[in-house]
Student: 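I'd like to ask some things about the structure below.
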Amino acid sequence: MVWEPSNQLEAERLEKLQHLRSAGIDPYPNRVKRTHTTAEAVAAFETVEAAGGAVTVTVCGRIVRRNIKGKVSFMHIEDGAGRLQLFVRVDSIGEAMYTLVKEKAIELGDFVQATGTMMRTKTGEVSVNVGELVVLAKALSPLPVIKQQTLDDGTVKQYGEFSDPEERYRQRYADLAVNPDVREIFRIRARTLAALRRFLDDEGFLEVETPILQPIYGGAAARPFVTHHNQLHQDLYLRISFELYLKRLMVGMYDGVYEIGRDFRNEGVSRKHNPEFTQLEFYKAYIDYYEVMDLAERLVSSAAERVTGSTRIAYQGHEIDFAPPWRRVTLRDITLEHTGVDYMAHPDAEGLRAALRAKGRHAADGATWGRLVNDMLDYAEPHMMQPHIVIDYPRDISPLAKVKPDDSQLVERFEFFIGGLEIGNAFTEINDPLDQEQRFIDMGRLYAAGDEDAHPIDEDYLRAMRYGMPPNGGFGMGVDRLVMLFADLPNIREALLFPHLREAGDAGE
RNA sequence: GGGCGCGUAGCUCAAUUGGCAGAGCAGUGGCCUUUUAAGCCAUUGGUUGAAGGUUCGAGUCCUUCCGCGCUCACCA
């Protein structure tokens, strides 16, 4: 025996397992003979019930409720399709098997297979009148027990819960097993991904996959995770964005590409940040950021409608309307609105910092002017519940975006915010290789000034651009945050099946 | 990384000023051939996150550590 029970409940279950074996029952058989899901069994019965027809089914599932009586018992099993009651009578399944049920050798959490004819109990519940009961999988650890009471008005009152966030995330399998609401979140997530793909496919984009392990990271402002290829003696980085690879494909004559995949950022964890997260990026040739705005509105609103059935959703007590057009506002106006400071009136870092502090706003020491401007957005972000497109960002924090023709300090970039969350970022992409190289160099200088490691310059990306890159608009979006909106989740961890947690520690030594 | 809060039975939670560690569900033993939060009777289960300290006495107070939550910071 490798595993040792850690408490009385597990010890008892282990004894029951051995009891089943000694009764000649394989608690983990290889073969299953399911003929109907629980939902199919109910539907099959209901179609023939009026005519007095009989339906025999074999259904499988986990025991989620038991009511054991002296000679007749009721159990509910649950499978992926729903719940179904088993009506188990000693006369029908025999003394020996009934005793196993009664002695709880077969109990909550176990998987079973039941064969019998469909019937209605005295109280009207569609059930299986079980003639044969087979153990499919014995559960050795007890799941939390949750009971539900259906009230007269049809609402379901719940007794007992499995709600400790740490345990729910660490043992997501148990969370999913007992909390159907959590299962639903990840159906919403799957539908979201499908809806996004469908929109982009219909728009003629090509779905591609680019390297996750990259010799040079780029395309975003973030610290990377570093790893190493042993045989090649090469350090590699887990990507922080897809951007530079996808734009190489613009050079390669695809008119539109997109990728949905994982990015990794070696930064703080928060309600809105997980070290690995799902990003959607697309690039389309021959469009600018105004056309990307239109695409963003249609992409997100169509996904909302496909996933939730409506472009209006409830999020954390607010009603959000995804229907285009979204409010479009300049970064200058929205930050002025929420900080009382007009950054255009303070064109250098020192002056802007002083102005912000005079208003009681946070202004980081040593931050560049662009950085201070970007930080001003933090005051506006929580207020942007309805979709907002914030346009025209400072050049020095946007090294991949094209400068506005009429203002060399601003670039053609927008971010959009929904539900108080930053959801996406987009711009008219630089396609002038010499401009791009200079921007990289300028950025490296800023980094050096800020005592940060210089961001590596991706020479191969510049080489690609020198072959000629069509004008194009690019777009990036945090898919997990979109799922937060669609599933009404306050926390990104709820939108991730297995969110990052610190290693489960014991005592400090 | 900083601040604040939390950690008690398998799950969800109590425990007065520092004074016998408890409840419900689950489990165990009974009764029960149409229950559905089934019910009734009896009952088991604890290194109170870990290690130290103060005290006659610590779940409670102090220190350190671990983990989680909120928040701030970090985040071209």
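Each chain gets a letter, A, B and so on, in the order the sequences are listed, and its residues count up from 1.
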Student: Counting only side-chain nitrogens and oxygens, does A/Lys71 get under 4.0 Å of the OP1 or OP2 atom of B/C31?
Tutor: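 It does not, given that no N or O in the side chain of A/Lys71 lies less than 4.0 Å from OP1 or OP2 of B/C31.
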Student: Just call it for A/Gln158: base, sugar-phosphate, or nothing, with non-hydrogen atoms closer than 4.0 Å on any strand.
Tutor: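 No contact at all - A/Gln158 keeps every heavy atom at 4.0 Å or more from the nucleic acid.
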Student: Of A/Gly268 and A/Glu107, whose nearest nucleotide on RNA chain B comes first from the 5' end?
Tutor: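 Per heavy-atom nearest nucleotide, the more 5' residue is A/Glu107.
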Student: With both distances under 3.5 angstrom, what nucleotide forms a Watson-Crick or G-U wobble pair with B/A21?
Tutor: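 Paired with no nucleotide.
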Student: Determine the interatomic distance between P on B/G45 and the same-named atom on B/U28; round to the nearest Å.
Tutor: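 Nearest-Å result for B/G45 against B/U28 at atom P: 15 Å.
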Student: Of the nucleotides B/A38, B/U34, B/C75, which one has an atom closest to the side chain of A/Thr121?
Tutor: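 Looking only at heavy atoms from C-beta outward on A/Thr121, the closest nucleotide is B/U34.
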Student: Taking 4.0 Å as the cut-off, does a side-chain nitrogen or oxygen of A/Arg66 come that near to OP1 or OP2 on B/A38?
Tutor: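 The answer is no; no side-chain N or O of A/Arg66 sits under 4.0 Å from OP1 or OP2.
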Student: Salt bridge between A/Glu78 and A/Arg62, side-chain N to carboxylate O under 4.0 Å?
Tutor: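 No.
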Student: Does B/C65 have its OP1 or OP2 closer than 4.0 Å to a side-chain nitrogen or oxygen of A/Arg502?
Tutor: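 No.
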Student: Within the structure shown, what part of the strands sits under 4.0 Å from A/Leu400 by heavy-atom distance: base, sugar-phosphate, or nothing?
Tutor: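 Touches nothing.
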Student: With P as the reference atom in both, quote the distance from B/G7 to B/C75 in angstrom, rounded to an integer.
Tutor: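 Those two atoms are separated by 34 Å.
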Student: Output the rounded distance in Å from CZ (A/Arg361) to P (B/C72).
Tutor: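 It works out to 14 Å between those atoms.
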Student: Calculate, to the nearest 0.5 Å, the distance between atoms NE2 and CG belonging to A/His338 and A/Leu377 respectively.
Tutor: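 Interatomic distance, A/His338 NE2 to A/Leu377 CG, rounded to 0.5 Å: 9.5 Å.
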Student: For the side chain of A/Tyr315 and the backbone of A/Leu489, is there at least one donor-acceptor N/O pair under 3.5 Å apart?
Tutor: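 The answer is yes, because a donor-acceptor pair under 3.5 Å joins these two groups.
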Student: Taking the side chain of A/His362 as its heavy atoms from C-beta onward, which of B/A73, B/U34, B/U28 lies nearest to it?
Tutor: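 The answer is B/A73.
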Student: Mind checking A/Glu125 for me? I need base, sugar-phosphate or nothing, with any heavy atom below 4.0 Å counting as a touch.
Tutor: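 Base contact.
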Student: Could you give the CD1-to-P distance, from A/Ile146 to B/A26, as a whole number of Å?
Tutor: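 Those two atoms, CD1 and P, are 13 Å apart.
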Student: Any ion pair linking A/Asp480 and A/Lys272 (charged N to carboxylate O, less than 4.0 Å)?
Tutor: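 Salt bridge: no.
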Student: Answer yes when A/Asp348 and A/Arg353 have at least one side-chain N-carboxylate O distance shorter than 4.0 Å, and no when they do not.
Tutor: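 Between A/Arg353 and A/Asp348 there is no salt bridge, as every charged N stays at least 4.0 Å from the carboxylate O atoms.
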Student: Name the residue closer to the 5' end of RNA chain B, choosing between A/Ser270 and A/Tyr159 according to the nucleotide with the nearest heavy atom.
Tutor: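 The 5'-side residue here is A/Tyr159.
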Student: To the nearest 0.5 angstrom, please state how far the CG atom of A/Asn374 sits from the OG1 atom of A/Thr335.
Tutor: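 Interatomic distance, A/Asn374 CG to A/Thr335 OG1, rounded to 0.5 Å: 10.0 Å.
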Student: Between B/C56 and B/C68, how far apart are the C1' atoms? Round to whole Å, please.
Tutor: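 One C1' to the other, the span is 36 Å.
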Student: For B/C74, give its Watson-Crick or G-U wobble partner with both distances under 3.5 Å, or none.
Tutor: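 Partner of B/C74: none.
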Student: Whole-Å distance between B/A37 P and A/Leu151 CG?
Tutor: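 That distance rounds to 9 Å.
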Student: Remember a base hit wins even if backbone is also touched, and classify A/Asn491 as base, sugar-phosphate or nothing at under 4.0 Å, heavy atoms.
Tutor: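 Touches sugar-phosphate only.
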Student: Taking the P atom of each, how far is B/G18 from B/U43, in whole Å?
Tutor: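 Those two atoms are separated by 34 Å.
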Student: Rounding to a whole Å, what distance do you find between A/Ile63:CD1 and B/A26:C1'?
Tutor: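 Result: 15 Å.
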Student: Go through the side-chain N and O atoms of A/Gln149 and A/Tyr159 and say whether any donor and acceptor fall under 3.5 Å apart.
Tutor: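 Side chains of A/Gln149 and A/Tyr159: pair found under 3.5 Å.
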Student: Tell me which nucleotide, if any, is Watson-Crick or G-U wobble paired with B/U28 when both distances must be under 3.5 Å.
Tutor: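 Base partner found: B/A42.
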Student: Name the pairing partner of B/U33, where a pair is Watson-Crick or G-U wobble with both distances under 3.5 Å, or state none.
Tutor: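 Partner of B/U33: none found under 3.5 Å.
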Student: Before accepting this row, confirm whether a basic side-chain N of the pair A/Lys16/A/Glu107 lies closer than 4.0 Å to the acidic partner's carboxylate O.
Tutor: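 A/Glu107 and A/Lys16: salt-bridged.
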Student: Of the nucleotides B/C74, B/A38, B/U28, which has the atom closest to the A/Lys69 side chain?
Tutor: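 From the listed options, B/A38 comes nearest.
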Student: Going by atom types alone, do A/Arg413 and A/Asn425 pair a side-chain donor with an acceptor below 3.5 Å?
Tutor: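 Their side chains do contain a donor-acceptor pair, which is all the 3.5 Å distance test asks for.
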Student: Output yes when at least one side-chain N/O atom of A/Arg170 is less than 4.0 Å from OP1 or OP2 of B/C68, else no.
Tutor: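 Looking at the OP1 and OP2 atoms of B/C68, one of them is under 4.0 Å from a side-chain N or O of A/Arg170.
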Student: Do A/Arg83 and A/Ile77 have side chains that get closer than 4.5 Å, going by heavy atoms?
Tutor: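 Answer no - side chains too far apart.
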Student: Take atom CD1 of A/Ile68 and atom C1' of B/G30, then tell me their distance rounded to the nearest Å.
Tutor: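 Whole-Å distance recorded here is 15 Å.
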Student: Within the 4.0 Å limit for protein heavy atoms, which parts of nucleotides 5-12 of chain B are touched? Write it as a string from 5' to 3', B for base, S for sugar-phosphate only, - for none.
Tutor: -----BSS
Student: Please find out if less than 6.0 Å separates the ring center of A/Tyr289 from that of A/Phe427.
Tutor: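 Between A/Tyr289 and A/Phe427, the centre distance exceeds or equals 6.0 Å.
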Student: Which nucleotide, in any strand shown, forms a Watson-Crick or G-U wobble pair with B/G5, with both distances under 3.5 Å?
Tutor: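 For B/G5, the partner nucleotide comes out as B/C68, under the 3.5 Å rule.
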Student: At under 4.0 Å between heavy atoms, what does A/Arg493 touch on the DNA or RNA strands: base, sugar-phosphate, or nothing?
Tutor: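 Contact class for A/Arg493: sugar-phosphate only.
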Student: Sticking with atom P, work out how far B/U12 lies from B/A26, rounded to a whole angstrom.
Tutor: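 Approximately 16 Å lies between the P atom of B/U12 and that of B/A26.
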Student: Write down the distance separating the C1' atoms in B/A23 and B/G67, rounded off to the nearest Å.
Tutor: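 The answer is 27 Å between these two C1' atoms.
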Student: Looking across every strand, which nucleic acid part, if any, lies under 4.0 Å from A/Lys272 by heavy atom: base, sugar-phosphate, or nothing?
Tutor: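 No contact at all - A/Lys272 keeps every heavy atom at 4.0 Å or more from the nucleic acid.
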Student: Starting from P on B/C75, measure out to CG on A/Asp263 and report it in whole angstrom.
Tutor: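 From A/Asp263 CG to B/C75 P: 18 Å.
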Student: Using the P atom in both, what is the distance from B/G22 to B/U48, to the nearest Å?
Tutor: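 After rounding to an integer number of Å, I get 13 Å for this pair.
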Student: Between A/Lys147 and B/A26, does any side-chain N or O lie under 4.0 Å from OP1 or OP2?
Tutor: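 True: A/Lys147 side-chain N/O within range (under 4.0 Å) of B/A26 OP1/OP2.
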Student: Kindly point out which of B/G69, B/U34, B/G67 is positioned nearest to the side chain of A/Glu166?
Tutor: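 Within the option list, the nearest is B/G67.
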Student: Please state how far atom CG in A/Asp152 lies from atom C1' in B/A37, giving the value in whole angstrom units.
Tutor: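 It is 14 Å, rounded to the nearest whole Å.
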Student: Have a look at A/Lys122 and say if it touches a base, only the backbone sugar-phosphate, or nothing, with a 4.0 Å heavy-atom cut-off.
Tutor: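 Counting heavy atoms under 4.0 Å across all strands, the contact made by A/Lys122 includes a base.
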Student: Expressed in whole Å, how much space separates the C1' atoms belonging to B/U8 and B/U60?
Tutor: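 Their C1' atoms lie roughly 11 Å apart.
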Student: What is the separation between atom CZ on A/Arg89 and atom C1' on B/C32, rounded to the nearest whole Å?
Tutor: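 Nearest whole value for this atom pair: 16 Å.
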Student: Counting only Watson-Crick or G-U wobble pairs whose two distances fall under 3.5 Å, which nucleotide matches B/U55?
Tutor: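 Checking every strand shown, B/U55 finds no partner, since no pair has both distances under 3.5 Å.
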Student: Can you tell me the pairing partner of B/A14 across any strand shown, Watson-Crick or G-U wobble, with both distances under 3.5 angstrom?
Tutor: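 Across any shown strand, B/A14 pairs with none.
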Student: Contact class for A/Lys157 (heavy atom, under 4.0 Å): base, sugar-phosphate, or nothing?
Tutor: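 The answer is nothing, as A/Lys157 stays clear of every strand by at least 4.0 Å.
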